[in-house]
Amino acid sequence: MSTLKNDRFLRALLKQPVDRTPIWIMRQAGRYLPEYRATREKAGDFMSLCMNPELACEVTLQPLDRFDLDAAILFSDILTIPEAMGLGLYFEEGEGPKFKSPIRTAADIKNLPVPDPEGELKYVMDAVRTIKRELNGRVPLIGFSGSPWTLATYMIEGGSSKNFSQSKRMLFDEPELAHQLLGKIAESVTSYLNAQIAAGAQAVMIFDTWGGNLNPAMYQEFSLRYMREIVAKLSRENDGRTVPVILYTKGGGLWLNDMADTGCDALGLDWSTDIHWARQLVGDRVALQGNMDPTTLYASPATIREEAAKILAAYGKGSGHVFNLGHGITPDIDPEHVAALVNAVHELSEPYHQ
């Protein structure tokens, strides 16, 4: 077993005792950091940065050099799988990701390959191996993937969407077609995450960014069903250590009970869910990660500290809480405000673990 100097994050996910509440931040390697912007410029564009293991490692480590964070997260993108399936990912300024070949028909789905994690996606595994080596046991490394439903929306719509018209039409009119596509994506996500674990990721997270846009019955059938399948097939141990799995559905607060029953170790919460209520609901089944509103970081450091104190108090005593934002950090945040949050969480959480 490789030694970890700080295993607070992994311990909290497994509801084991910790000395203080661990914290990491979704999108902690990102545009709010001047050093990230410099590295991205050096890479040329976003996907070139993702596909360069050395530069991906560099930006993964940047927030850890600046803040006292308890975990690193692989720098990558959720759209690496559809890109590796040959959909032709490109980015348009101000419009986000787009695909040249969206998926609309049974033939489109039949022709989709399941990418080889050590083939088309080897650059991601190389990044995991490089980051793990450079971390040298400083903190754990989180691997991740988008959920099948979230990836499917981009693949069907051909990019991001406001109302998911094509995706939802498929769910209503051609549910069997949707299941064929989701099944293939779930297979791809499973092998992708297992390869990340084999390469050195010590926890993995599934981002179901668009699950909250489904109605309850559709969420169960087209999103949660496939995340449950993936969780059941993940390698849960590597290097003599348990590999925890975090599920996160943005806007999924009403479905936490069902999410907790998937066999995952922790649930990510967005800021629309009260963490005290969530803890009462899930009991001892899973740990909770979250859930400060990302826009809180626009406020003064004193206010940020007060808001962090409220979330810590709402979760209450004992382990099983990983502090995080309820969604990714926005690009125009002052890094000093992030420092204020990280320091406040570590300092104010100690009494809850005595």
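The analysis underlying the following values was restricted to heavy atoms, covering all of them including side chains, and did not include hydrogens, waters or symmetry mates.
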How about K162: does its NZ atom have over 12 heavy atoms from other parts shown lying under 6.0 Å from it?
-> no
Output a table of donor-acceptor pairs, distance under 3.5 Å, between side-chain atoms of residues 259-266 and any protein atom two or more places apart or on a different chain; print 'none' if there are none.
{"residue": "D261", "atom": "OD1", "partner": "R285", "partner atom": "NH1", "Å": "2.7"}
{"residue": "T262", "atom": "OG1", "partner": "M259", "partner atom": "O", "Å": "2.7"}
{"residue": "T262", "atom": "OG1", "partner": "C264", "partner atom": "N", "Å": "3.3"}
{"residue": "D265", "atom": "OD2", "partner": "R236", "partner atom": "NH2", "Å": "2.8"}
{"residue": "D265", "atom": "OD2", "partner": "V245", "partner atom": "N", "Å": "2.8"}

Does any pair with a residue in residues 48-100 pass ring-ring contact (aromatic ring centres under 6.0 Å, His included), and if so which ones, sequence neighbours excluded?
-> Y36-F75, F46-F75, F46-F91
With the threshold set at 4.0 Å, does a side-chain nitrogen-carboxylate oxygen contact exist between R129 and E118?
-> yes
Check whether the side chains of S191 and N194 place a donor and an acceptor atom closer than 3.5 Å, and report yes or no.
-> no
Who pairs with D116 by salt bridge (Lys or Arg N to Asp or Glu O under 4.0 Å), at least two apart in sequence or on another chain?
-> none
Salt bridge (Lys or Arg N to Asp or Glu O under 4.0 Å) contacts touching residues 63-88 (sequence neighbours left out) = R8-D70, R20-D68, E35-R66, D65-R138
Applying side chain to side chain contact (heavy atoms under 4.5 Å, CB included), name anything that partners D293, two or more places apart in sequence or on another chain.
-> W271, T295, T296
Is any NZ, NE, NH1 or NH2 atom of the basic residue among R104 and D108 found under 4.0 Å from an Asp or Glu carboxylate oxygen of the other?
-> no
Could you give all pairs that pass the side-chain hydrogen bond (donor to acceptor under 3.5 Å, both in side chains) test and reach residues 203-217, with sequence neighbours left out?
-> S147-D208, T150-D208, Y154-W210, D208-S223, D208-T249
For K233, look at atom NZ and say whether over 12 heavy atoms of other residues, nucleotides or ligands are found less than 6.0 Å away.
-> no
Parallel, tilted or perpendicular: which describes the rings of F9 and W24, with under 30° parallel and over 60° perpendicular?
-> perpendicular
Closest non-hydrogen atoms of I275 and I311, given as atom of the first, atom of the second and distance, are CG2-O, 3.8 Å
So, K184 and E187, do they make that salt bridge, N to O below 4.0 Å?
-> no
Answer yes or no: is there a donor N or O on one side and an acceptor on the other, between the side chain of Y248 and the main chain of D270, under 3.5 Å?
-> no
